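Reading through the structure tokens given below for one structure.
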Amino acid sequence: MSHPEYAPDPDPSLNVQFVDSLVPTLTAGRYKLTAHQSLTKGGARVDTDNYLDTPVTQDVEVRAPRFTVQPEWIHGAYPTPGASGLYDDVLPHVTLDRATLPWEREAKAQSGTRLPWLALLIFGEGELPDTDPHCLGQTDAKTVADLIGSESGVVLPPFDRAKDPITEDDKQQVCRTVLVPAAVFHALAPTEAELPLLTHVRRVNEEHQRVAPGDDLIQVGDYAVVVGNRLPRAAGGRYVAHLVSLEGWQARLPDGAKAYDGPDEKLRLISLWSWAFETIPDHAPGFAALTEHFVDTEGTDGSALLLRVPLPDLPLSGKDQQEVADRLGRGYLPISCRTESGRATFGWYRGPFTARYVPPETDRERRRCATEALIQLQQYGVFDVSLATAFTAGRGVALADHQFGAALLRLRGKVRRAAEKRSRATATTGARSRIEHLAANGLAGHLREVLTTPARAQAVSAPVQRPGVTPVPAATELPATAGLTPECLRADADLHMRLTSDDTPLVDPHDDDLALVRNRLLDLRNLTGVPFAHLVPDTRMLPTESLRFFYVDANWTATLLDGALSVGLAHTFDLTSDDLVFGPTGVAPLPPQATPATGLLLRSELVSGWPALEVRPYRNPRTTERETTLRVLRREALADDILLVLVEGVPGRVELAEPQQGVHFGIDEPEEGGSDDPVDDGIIRLRQIDPKSPTPLGQETGAQFPTRPGLRSFLRTAGTAGPDTVLNVAALADGLKGALSLNRPLTPSEFAIQMINAAQRRTFTTVSTAHTPITTGDHPNG
């Protein structure tokens, strides 16, 4: 923060620094520069016949934007131009790349305080009847010559042409204007005292990542920010924001000498920049109320936040009932099924999301059919069909994806042909080495013996061992002419070793088919494409307005991939082929599966109401300044009201937060949630502005204003034009001054800090062991 007449050097310890103003040394206007010089020698003046002492004067004109602005000076605006959303708690604002623009023209209040010459006015539907009645962003094109002329029934801008003349070139400029009823201008325009509070400079020292449209903290530098003084109505409607020039209009401001002459007057304002947006009615509970419901229904130690069918409250007796309760507690569900013989029975099913940690199988073998994945519970005579269902689901997803199936078959064909080629080369090399061996060990004598021995004797006689001849070892290479038959190519370690003994891979690592298959397998491991009924088999596990946490069963997902790779299996070499490509020592091995992996399912209006809702998993339960976040494996909205998030590892705490859409301004929602109109129960969360306080600058102090929620008393009285959500900025700043225990008025930068529209968050913390993700929630904060 700074005195209004200067801007301090950037503070490297602050990512974002708020400055009252950035006033140029010379504002727009005409100046006379005078220069003179004199010579001295030994401290005494040298007589130069006064010709050096004669002053030299030069007239200088400082030009500044007056009638238009360049589009590249507009860094961003919020709400985003053309956007439609919930903006009834937001003060629209525009961010300017030209940080000195609001102060480049001279404007002073009656008290002598320096004022910006710009203001942001927010008009609703019907408030610009002659220019833009439906708030579509329309303006009237006028030349400057038109504006210094006359227009029937219209008050034109009263430029100070004596102090700042308008040139002939200026007269040819075309600018955008709006025709505003005087009553509307009187109801919307800020007072002289409010103008400085609605304009400040934001100094950004570090780059910030865009997370949603409208984020204006993207590049390092200084930005001027002009904030509107009107909240859009909670009932919804279209609005248009105009950055207008106040040159000559100071007397018409609400506290000016000629504020309002009657409802029939119309003022022609220059609109330097404008944009339209729409706010929609909000009759749904807010972020705080929705997330508070999760806390209210979390159960004992957060046990109700686990993904499973609610456990019965009835007392259990007997081993069998305890077994049923245990399986329900682990996330199982009893389902009807039929055996291969057609007998109707029931079995246990659990999807990939479990309420308890499931250790991955060690030394698991690949399953080639669903039957191999069935688990028989002999004690009860029923089956656990979980893994068998996973296999069938993986096969079904693969069969439905024609590109995957075709690419997998082509890839296996490429591996097969490469293996045949390598086996023929190996067989040829083996035959040559045997001939050389025979030649070195008396091949001529051996041939003579063979040729001179009768055929019958050759057939029945035993092999003759010649003295000094080493026996020829039997060939172990694959026959060159036999081909790769199932009988000779088994999925065994010996075959794998022989086919990978060469450093040259069997298939190009950059092969398109290989990349497609591998990527689809990785997506499938994150359960992409798996029917939702396989993930959540019963609606009682995920009721309306609920949040559920879970572990991901690595055995389920591994069997899911087995099912996908079962497509097109013709013989055992296909198993070896897949291992040669995707195995641990293959051409393109699949990375190790994240174990343990966890996640959450959110079924709530939060999903549709906050599309950019932030889900932040942290490794440790305690809050630290720079805490390690866990990698999100998958985040996807499975339906309009269902969000799935998979996380690598077990988080110590998880935060649900409103989207961090840059630094915006407005009012906040109370912790317990509010009514349909945020003005009725809105609050402002106070932030630290004392640099001597141990609390960092800008951080919330934990207090709020007013103590009793509700800001309607800080609105202007609705005038004849009907704007009823215009803030009385001066009264609000005075109230904040008292709440912060200041003995001086708030500066523009301090007021901007207090009006930051804080993003709320709700934290869920692990309170038990790492393998039991039982969580509890706390109240939101900014």
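We're numbering straight along the sequence, starting at 1. Owing to the predicted nature of the structure, the values given are computational and were not obtained by experimental measurement.
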Side chain to side chain contact (heavy atoms under 4.5 Å, CB included) between Leu732 and Phe705, worked out:
CA-CA 10 Å; Leu732 182 59; Phe705 175 82; 3.8 Å; yes

Going from [atom1] on [X] to [atom2] on [Y], what distance comes out if it is rounded to the nearest 0.5 angstrom?
X: Glu365; Y: Asp562; atom1: CD; atom2: CG; answer: 11.0 Å
X: Asp88; Y: Leu86; atom1: CG; atom2: CG; answer: 6.5 Å
X: Leu697; Y: Gln17; atom1: CG; atom2: CD; answer: 9.0 Å
X: Ile683; Y: Glu669; atom1: CD1; atom2: CD; answer: 9.0 Å
X: Ile667; Y: Leu711; atom1: CD1; atom2: CG; answer: 5.0 Å
X: Ile684; Y: Glu700; atom1: CD1; atom2: CD; answer: 12.0 Å

With side chains defined as the heavy atoms from C-beta onward, is the minimum distance between [X] and [Y] less than 4.5 Å?
X: Tyr332; Y: Asp326; result: no
X: Ile756; Y: Arg687; result: yes
X: Val552; Y: Pro596; result: no
X: Thr598; Y: Tyr357; result: no
X: Leu656; Y: Phe764; result: yes
X: Val581; Y: Val517; result: no
X: Pro334; Y: Arg327; result: no
X: Leu746; Y: Leu740; result: yes

Any sub-3.5 Å donor-acceptor pair from [X]'s side-chain atoms to [Y]'s backbone N or O?
X: His293; Y: Glu545; answer: yes
X: Glu605; Y: Asp641; answer: no
X: Arg308; Y: Ala355; answer: no
X: Thr763; Y: Glu655; answer: no
X: Gln688; Y: Asp690; answer: yes
X: Arg350; Y: Leu328; answer: no
X: Arg548; Y: Ala304; answer: yes
X: Arg367; Y: Phe391; answer: no
X: Tyr349; Y: His534; answer: yes
X: Arg395; Y: Ser566; answer: yes

Residue that, paired with [X], satisfies side chain to side chain contact (heavy atoms under 4.5 Å, CB included) out of [options]:
X: Leu602; options: Thr291, Leu542, Leu547; answer: Leu547
X: Leu527; options: Asp523, Val530, Leu524; answer: Val530
X: Arg685; options: Asn757, Thr701, Asp668; answer: Asp668

If you take all heavy atoms of [X] and [Y], which pair is closest and at what distance?
X: His93; Y: His664; result: CE1-CD2, 3.4 Å
X: Glu372; Y: Arg366; result: OE1-O, 4.1 Å
X: Pro591; Y: Leu522; result: CD-CD2, 3.7 Å
X: Pro592; Y: Arg525; result: O-NH2, 3.9 Å
X: Arg518; Y: Leu590; result: CG-CD2, 3.8 Å
X: Trp556; Y: Ser386; result: NE1-O, 3.3 Å

Q.
Go through it in stages, so that I can follow the logic: the residues are Val358 and Tyr551, the test is side chain to side chain contact (heavy atoms under 4.5 Å, CB included), and I'd like the CA-CA distance, side-chain angles, deciding distance and then a yes or no.
A. CA-CA 8 Å; Val358 179; Tyr551 275 95; over 6 Å; no

For the residue pair Arg653 and Tyr618, would you count it as a cation-pi contact if the rule is NZ or CZ under 6.0 angstrom from the ring centre and within 45 degrees of the ring axis?
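Yes, Arg653 sits over the ring of Tyr618.
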
(Q) Ignoring hydrogens and geometry beyond distance, is a side-chain donor-acceptor pair present between Asn526 and Thr528 at under 3.5 Å? (A) no

Any Lys/Arg nitrogen of Arg330 or Asp553 sitting under 4.0 Å from an Asp/Glu carboxylate oxygen of the other?
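Answer for the salt bridge query: no.
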
Next item on the list: Look at Arg762 together with Glu298 and state whether they make a salt bridge at an N to O cut-off of under 4.0 Å.
Entry: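 Salt bridge between Arg762 and Glu298, a charged N being under 4.0 Å from a carboxylate O: no.
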
**Message:** I'd like to know whether CG of Asp640 has more than 12 heavy-atom contacts from other residues, nucleotides or ligands below 6.0 angstrom.
**Reply:** no

Verdict with supporting geometry, Leu600 and Leu305, side chain to side chain contact (heavy atoms under 4.5 Å, CB included): CA-CA 10 Å; Leu600 64 87; Leu305 294 178; over 6 Å; no

message: Check the orientation of Phe18 and Phe665. Use parallel for under 30°, tilted for 30 to 60°, and perpendicular for over 60°.
response: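 The arrangement is perpendicular - the two ring planes meet at more than 60°.
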
Mind checking whether Tyr87 and Phe277 have parallel, tilted or perpendicular rings, split at 30° and 60°? perpendicular

Report task. Could you check Leu736 against Leu686 for side chain to side chain contact (heavy atoms under 4.5 Å, CB included), going step by step and ending with a plain yes or no? Result -> CA-CA 8 Å; Leu736 290 172; Leu686 300 179; 3.8 Å; yes

